[in-house]
Amino acid sequence: MGRFDGRVAVITGAARGIGFGVATRFAEEGASVAIVDLDETAAAEAAAKLPSAGGAGVKHIGIGANVGDSASVDAAIERVVTELGGIHILMNNAGITRDNLLFKMSEDDWDLVMNVHLKGSFLMTKAAQKHFVAQKYGKIINVSSISALGNRGQANYSAAKMGLQGFTRTLGIELGPFGINANAIAPGFIATEMTDATAARLGLDVEDFRKAAAEQNPVRRVGFPEDIAAAAAFLASDESSYITGQTLYVDGGVTLG
Ligand code: NAP
C-alpha cells in the first residue's frame with residue numbers, strides 16, 4: 001500500500017530537477033503523475049522514466065504547457081482529468097531565474113519571473129481548485145525559496161518567492177473548509193541544473209560552487225531533489241491534513257542565522 005495509491009498528482013516544471021525528484025517519489029508511492037513542462041517531448045520522456053508502483057490503472061503522462069498562460073494551463077488540467085481520471089495533488093514547482101542587481105534588472109526580467117512563479121501558480125491553482133472543491137479533497141504545494149528572505153541580485157525572484165508564501169497562507173484560509181490543504185516548501189541550495197547555471201553565470205566550477213554552498217549551512221551538505229521530495233510526500237499525504245498555510249524550510253538550517 002502506497003500513500004498515493006489511487007491519487008493523481010500534477011507537478012509543473014517536472015521534466016528535470018526538483019520536480020522530477022518529486023514526481024519519482026510520488027510515483028514510487030503509488031500515484032499516477034502528470035509532468036507538466038514547457039517542452040512536451042521532454043515532459044513525455046521524463047514521464048516514461050517514472051516507476052509504476054500503484055498497480056492497475058496507474059499511468060504517467062507528460063504535458064507541454066506554459067504555466068504563465070491561462071489557455072495553456074486550462075488545457076493541461078483538462079487533459080489530466082480526462083487522461084488520468086481526476087486530480088488530487090498539485091505542486092507548483094516550475095521556475096526560472098533572471099538574476100541581476102536592481103539597477104541593471106530589466107522590466108522584462110521582472111515580468112518573466114513574476115509570470116512563471118506567481119501568475120503560473122495562481123493559474124494552475126485556480127484551474128485545479130474547481131476539481132478539488134467539487135470532490136472536497138486536494139493538496140496544493142507551492143515551491144518558495146530561502147531567497148524569499150532576501151538575496152542580493154534576486155529582487156524579482158525574492159519578491160515572487162515571498163509572494164508565494166502569502167499566496168499559500170491565503171489558499172489555506174480560503175480552501176481549508178473544502179478539504180484542501182495548501183502549503184509551501186522553501187528549499188535551500190538544491191543541486192540541479194538551476195544551481196549549475198548560477199555557477200556558470202558566476203564563472204565558478206560546479207563542484208566548487210556546491211562545496212561552498214555546503215559549508216554555509218549547519219548540516220554541511222547541499223540538498224538534492226530527494227530532500228524536497230521527502231517533504232513534498234509528507235505535505236501531499238493525509239498525514240499532514242491538520243497542517244495548512246505553512247512554509248516548510250528544507251535548507252540544511254542555512255536560514256537559522
Ligand atoms: P530547473 O532544474 O531549472 O527546472 C525547472 C523546470 O521548470 C524546467 O524544466 C523548466 O523548463 C520548467 N519551466 C520553466 N518555465 C516554465 C513555464 N513557464 N511553464 C512550465 N514549465 C516551466 O529548476 P529546479 O532547481 O528544479 O527548481 C524547481 C523549483 O524550485 C523552482 O521553482 C525554483 O525556483 C525552486 N528552487 C530551487 C532551488 C535550487 O537550489 N535548485 C532553491 C530554491 C527554490 P525549461 O528547461 O524548458 O525552461
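When a ligand or atom number is given, it counts from 1 through the structure's own listing order.
- A side-chain donor-acceptor contact under 3.5 Å links Gln246 to the backbone of Thr244.
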Salt bridge (charged side-chain N to carboxylate O under 4.0 Å, His left out) between Asp74 and Arg79, worked out: CA-CA 9 Å; Asp74 290 347; Arg79 260 188 77 186; over 6 Å; no
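- Ligand 1 is approached by Ser144 to a heavy-atom distance shorter than 4.0 Å.
- Listed here is the closest heavy atom pair of Asp251 and Pro187: CB-C, 4.5 Å.
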side-chain hydrogen bond (donor to acceptor under 3.5 Å, both in side chains) assessment of Thr168 paired with Asn183: CA-CA 6 Å; Thr168 302; Asn183 290 290; over 6 Å; no
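- A salt bridge is defined here as a Lys NZ or Arg NE, NH1 or NH2 lying under 4.0 Å from an Asp or Glu carboxylate O, and Asp37 with Arg16 fails to meet this definition.
- Here is the list of ligand 1 atoms found below 4.0 Å of a heavy atom in Ile190: 39 (C), 40 (O), 41 (N).
- When only interatomic distances are considered, the shortest N/O to N/O separation between Ala15 and ligand 1 does not fall below 3.5 Å.
- The main-chain N or O of Ile185 is never found under 3.5 Å from a side-chain atom of Thr247 such that the two would form a donor-acceptor pair.
- Which of Gly188, Ala76, Ser145 comes nearest to atom 42 (C) of ligand 1 through a heavy atom is settled by distance: it is Gly188.
- Defined by atom type and a distance below 3.5 Å, a donor-acceptor pair is present between the side-chain atoms of Asn92 and Thr125.
- Without hydrogens or angle criteria, Ser72 side chain to Gly68 main chain gives no donor-acceptor distance under 3.5 Å.
- Ligand 1 is approached by Tyr157 to a heavy-atom distance shorter than 4.0 Å.
- Among all non-hydrogen protein atoms, the one lying nearest atom 5 (C) of ligand 1 is Gly95 O, 3.8 Å.
- Considering backbone and side-chain atoms together, Val36 places no N or O closer than 3.5 Å to any N or O of ligand 1.
- Under a 4.0 Å N-O distance rule, the pair Asp108/Arg98 does not qualify as a salt bridge.
- Numbered from 1 in the order shown, with element, the atoms of ligand 1 that lie under 4.0 Å from a heavy atom of Phe189 read 40 (O).
- Among Val143, Val250, Val73, the residue whose heavy atom sits closest to atom 35 (C) of ligand 1 is Val143.
- Below 4.0 Å from some heavy atom of Asn93 lie the following atoms of ligand 1, by number and element: 28 (C), 29 (C), 30 (O), 31 (C), 32 (O).
- Listed for the Ser237 side chain is no donor-acceptor partner under 3.5 Å among the backbone atoms of Arg3.
- Between His117 and Gly95, the closest heavy-atom pair is CE1-CA, 3.3 Å.
- Annotation: Ile96 places no N or O atom under 3.5 Å from an N or O atom of ligand 1; distance criterion only.
- The option from Ala94, Ala186, Gly64 that lies nearest to atom 22 (C) of ligand 1, judged by heavy atoms, is Ala94.
- Which of Ile11, Asp69, Thr192, Thr12 comes nearest to atom 25 (O) of ligand 1 through a heavy atom is settled by distance: it is Thr192.
- A heavy-atom separation below 4.0 Å is found between Ala65 and ligand 1.
- Rounding to the nearest 0.5 Å gives a distance of 11.0 Å between CD1 of Ile89 and CE of Met91.
- Looking only at heavy atoms of the protein, atom 19 (N) of ligand 1 is closest to Val67 N, 3.1 Å.
- Ligand-side atoms of ligand 1 in range of Asn66: 17 (C), 18 (N), 19 (N), range being under 4.0 angstrom from any heavy atom.
- In this comparison of Leu38, Val116, Asp37, the heavy atom closest to atom 11 (O) of ligand 1 sits on Asp37.
- When only non-hydrogen protein atoms are considered, atom 46 (O) of ligand 1 lies nearest to Arg16 NH1, 2.8 Å.
- With a 4.0 Å cut-off on non-hydrogen atoms, Thr195 touches ligand 1 through its side chain and not its backbone.
- The proximity of Ile18 to ligand 1, defined as any non-hydrogen pair under 4.0 Å, involves the side chain as well as the backbone.
- Taking the centre of each ring, Phe178 and Tyr137 stay at or above the 6.0 Å mark.
- In terms of protein heavy-atom proximity, atom 7 (O) of ligand 1 is closest to Gly13 CA, 3.3 Å.
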